[in-house]
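What follows is a set of notes on a single structure, which appears directly below.
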Amino acid sequence: MLDIKYIIANLDEVKKKTADRKAQFDFDLLISIDEKRKSLQAENDLLKSERNRVSKEIGAVKKAGGDISEVQAKMREAGDKIAAIDIELSSAQTEMTEMLMTLPNILNDEVPVGGDEEDNELLRTWGEPKEPSFEAKPHWDIADGLGILDFERGVKISKSRFTAYMGYGAKLERALINFMLDSHAERGYQEVLAPYLVNAEAMKGTGQLPKFEEDLFKCERDDLYLIPTAEVSVTNLYSNEILDEEALPVKHCSFSACFRREAGSHGKDVRGLIRQHQFNKVELVKVTKPEDSESELQELLESAEQILQKLKLPYRVMTLCSGDVGFSAAKTFDIEVWLPSQKVYREISSCSTFGDFQARRASIRFRRKGEKKIEFAHTINGSGLAVGRTFLAILENYQNEDGSVTVPEVLRPYMNGLEVIKI
RNA sequence: GGAGUGGUGGCCGAGCUAGGCUGAAGGCGCUCGCCUGCUAAGCGAGUAUGCGGCUUAUACCGUAUCGAGGGUUCGAAUCCCUCCCACUCCGCCA
């Protein structure tokens with residue numbers, strides 16, 4: 001959420017940045033609601049002030065045995081008026097907040113202006129895409145051959161886009177999770193295991209609600225939502241808190257299953273593990289001071305990249321353009337891993353800084369040592385990495401001509417020393 | 001799911017069946033100052049947040065907030081209603 005005061009003071013900039021995203025927003029309406037809200041409050045405060053003053057007097061007079069019936073009647077009228085304004089005021093406040101909750105974050109200046117992912121900019125590339133001497137198979141064929149993924153049975157017990165991992169498949173997935181968590185822990189990230197079901201407040205805090213309800217799985221009768229990413233649960237651990245400066249930066253790594261309805265992506269990536277309703281992910285989450293957020297974002301990006309480097313998987317890093325940056329983010333880097341079967345790079349991580357956007361929504365604040373003033377923190381997060389996509393990238397990049405898959409060296413300690421997955 | 005207890009400031013904890021002087025006693029913690037050879041103790045002062053106003057470095061003023069929402073009242077932490085949450089016991093269950 002943006003600060004209404006900031007919006008008013010920097011209206012042109014905010015309008016331009018919103019337009020760069022190709023987002024629609026009625027700023028005139030917002031401003032008029034805000035003005036209405038302020039004048040209502042001024043009027044209301046004045047009346048309440050008067051009421052408080054007179055009420056105290058009434059108490060004193062009554063105690064002294066004086067007559068209060070006349071003032072009482074007058075105050076009754078004042079009370080009615082206050083009640084009426086209260087209703088108007090709170091509806092203006094609600095209206096304003098609801099509007100603000102649908103306004104996307106302001107993009108950082110470095111974000112390239114562009115329409116869609118075609119306009120994303122290449123930041124760097126790591127590793128050489130290997131050219132196998134044979135025709136690279138897609139991961140679903142490899143997995144089928146090895147019996148490590150059971151797409152049919154996954155669908156049988158649930159629905160499409162749900163998959164069962166079998167045998168070494170399950171083990172490889174688990175190895176990846178542990179490997180990733182251990183790697184991040186070495187870099188100072190504290191591990192967190194948080195709830196997968198969260199309330200609407202948490203979803204509003206990180207920006208999934210109110211705008212993107214259709215993307216979420218909801219447990220209607222309990223009024224809880226399945227998290228689409230651990231970002232939601234981990235970031236919101238600090239909601240409505242005022243942190244000590246020394247507690248910053250908060251650095252967490254968190255494994256979770258993630259649940260996404262993938263509304264609007266029917267027919268996309270229907271085969272294989274690329275786009276599942278449920279997938280595993282190790283998420284990195286930071287809460288920082290404003291002045292540290294840029295360097296902490298870079299560090300977080302490197303933390304995500306090191307996983308691919310250790311796994312020796314070729315990748316590239318893209319700076320998302322204005323049209324492709326998500327609603328809550330101020331700037332985003334995507335890491336894309338090489339997939340030999342499709343000969344393309346596919347997203348495997350998304351690392352973003354949110355400025356104080358989420359912190360305002362979730363009310364995550366901090367106080368500098370010796371200062372009285374409270375400031376909003378900055379939040380940062382990124383996948384480190386999407387485990388399912390890492391799994392499939394390994395199958396494709398480490399596949400051998402005979403259908404077996406070599407286990408990346410760094411994973412072998414997590415696989416009881418297994419070097420090759422074969423039939 | 002059944003029965004019971006309870007939700008007050010960073011924490012503990014008064015106040016809540018006599019509704020006003022209680023943003024809220026007291027204690028702890030913390031901050032600053034004093035004192036002290038050092039530490040401890042002691043002494044003094046301070047110590048919630050949102051919104052609005054005014055300044056804009058502070059300060060200050062108004063208002064709201066004692067789980068949430070609503071009601072009664074001139075006035076509610078205190079009375080009434082609804083909901084939420086936590087804890088204990090029973091049941092169930094990993």
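In what follows, chains carry the letters A, B, and so on, assigned in the order in which the sequence lines appear, proteins first and then strands, with residues in each chain numbered from 1. What's counted below: heavy atoms across the whole structure, side chains too, no hydrogens, waters or symmetry copies.
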request  = Check every strand shown and say whether A/K62 touches a base, only sugar-phosphate, or nothing at a heavy-atom separation below 4.0 Å.
outcome  = base

request  = Using the P atom on both, measure B/rC34 against B/rA24 and round to a whole Å.
outcome  = 29 Å

key: Residues, nucleotides or ligands: over 12 heavy atoms within 6.0 Å of A/R412 CZ   = yes

key: Flag if over 12 foreign heavy atoms under 6.0 Å of CD, A/E409   = no

Distance between C1' atoms of B/rG6 and B/rG42 (Å, rounded) = 39 Å

task = Calculate the interatomic distance between A/E371 atom CD and B/rA57 atom P; express it in whole Å.
result = 13 Å

inquiry  = Judged by each residue's nearest nucleotide on RNA chain B, which is more toward the 5′ side, A/K38 or A/I58?
reply    = A/K38

key: Check: A/Y189 ring centroid to A/H252 ring centroid under 6.0 Å   = no

query = When rounded to the nearest Å, what value does the distance between C1' atoms of B/rG46 and B/rG10 take?
reply = 15 Å

ask   = Just checking, any donor-acceptor pair under 3.5 angstrom between side chains of A/T163 and A/D150?
value = no

request  = Using the P atoms only, state how far B/rG70 lies from B/rG13, rounded to an integer number of Å.
outcome  = 30 Å

Any N/O pairs under 3.5 Å between the protein and nucleotides 60-70 of chain B? List them or say none.
from   : atom 1 : to    : atom 2 : distance (Å)
B/rG62 : O3'    : A/S49 : OG     : 3.3
B/rG62 : N2     : A/Q41 : NE2    : 3.4
B/rG62 : N2     : A/D45 : OD2    : 2.9
B/rU63 : OP1    : A/N52 : ND2    : 3.2
B/rU63 : O2'    : A/D45 : OD1    : 3.2
B/rA64 : OP2    : A/N52 : ND2    : 3.3

remark   = Rounded to whole Å, the CG-P distance (A/N240 to B/rA48) equals 19 Å

query = Residues from residues 75-96 of chain A sitting under 4.0 Å of RNA chain B, heavy atoms only?
reply = A/M75, A/R76

ask   = Is it true that A/F179 and A/H184 have ring centroids separated by less than 6.0 Å?
value = no

Under-4.0 Å salt bridge between A/E121 and A/K331 = no

Interatomic distance where CD1 belongs to A/I242 and C1' belongs to B/rU49 [whole Å] = 7 Å

key: Separation of the P atoms in B/rG27 and B/rU36, to the nearest angstrom   = 26 Å

ask   = For the residue pair A/H378 and A/F357, is the inter-centroid distance of their aromatic rings smaller than 6.0 Å?
value = no

request  = Report the nucleotide, chosen from B/rC74, B/rU49, B/rG53, that has the shortest atom-to-atom distance to any side-chain atom of A/Q72.
outcome  = B/rC74

Find every protein N or O atom lying less than 3.5 Å from an N or O atom of nucleotides 29-31 of chain B, and list the pairs.
none

Whether over 12 other heavy atoms sit under 6.0 Å from A/E50 CD = yes

task = For B/rA68 and B/rG7, measure between their P atoms and round to the nearest Å.
result = 13 Å

message = Measuring only the P atom in each nucleotide, how far is B/rC93 from B/rG1? A whole number of Å is fine.
response = 16 Å

inquiry  = Quick check: do A/K289 and A/F366 have side-chain heavy atoms less than 4.5 Å from each other?
reply    = yes

query = So does A/R367 get a side-chain nitrogen or oxygen closer than 4.0 Å to the phosphate oxygens (OP1/OP2) of B/rU49?
reply = yes

note = Sorted by chain and residue number, the ring-ring contact (aromatic ring centres under 6.0 Å, His included) partners of A/Y6 (sequence neighbours excluded) come out as none

remark   = In short, salt bridge (charged side-chain N to carboxylate O under 4.0 Å, His left out) pairs touching residues 247-262 of chain A with sequence neighbours left out are A/K251-A/E299, A/E262-A/R275

query = To the nearest angstrom, how far is A/K74 atom NZ from B/rG75 atom P?
reply = 15 Å

Conformer about C1'-N of B/rA41 - syn within 90° of 0, anti elsewhere = anti

task = Report the distance from atom CD of A/E375 to atom C1' of B/rG50, rounded to the nearest whole Å.
result = 17 Å

ask   = Quick check, are the ring centers of A/Y225 and A/F217 under 6.0 angstrom apart?
value = no

request  = Answer yes when A/K16 and A/D20 have at least one side-chain N-carboxylate O distance shorter than 4.0 Å, and no when they do not.
outcome  = yes

request  = Would you mind reading off the distance between A/L47 atom CG and B/rG75 atom P, rounded to a whole angstrom?
outcome  = 13 Å

request  = Answer yes when A/D86 and A/K48 have at least one side-chain N-carboxylate O distance shorter than 4.0 Å, and no when they do not.
outcome  = yes

request  = Whole angstrom is fine here: how far is it from NZ in A/K373 over to P in B/rU56?
outcome  = 17 Å

message = Rounding to an integer number of angstrom, what distance separates B/rC80 and B/rA25 when you compare their C1' atoms?
response = 27 Å

ask   = In dot-bracket form, how is RNA chain B paired, counting a Watson-Crick or G-U wobble pair only if both its distances are under 3.5 Å and using | for bases paired to another strand?
value = ((((((((.[[[..)....(.....]]]((((((.......))))))((((((......)))))).[[[[[..)....]]]]])))))))....

task = Assess the pair A/Y165 and A/F391: is the distance between their ring centroids shorter than 6.0 Å?
result = yes

inquiry  = What is the separation between atom CD1 on A/I8 and atom C1' on B/rG52, rounded to the nearest whole Å?
reply    = 13 Å

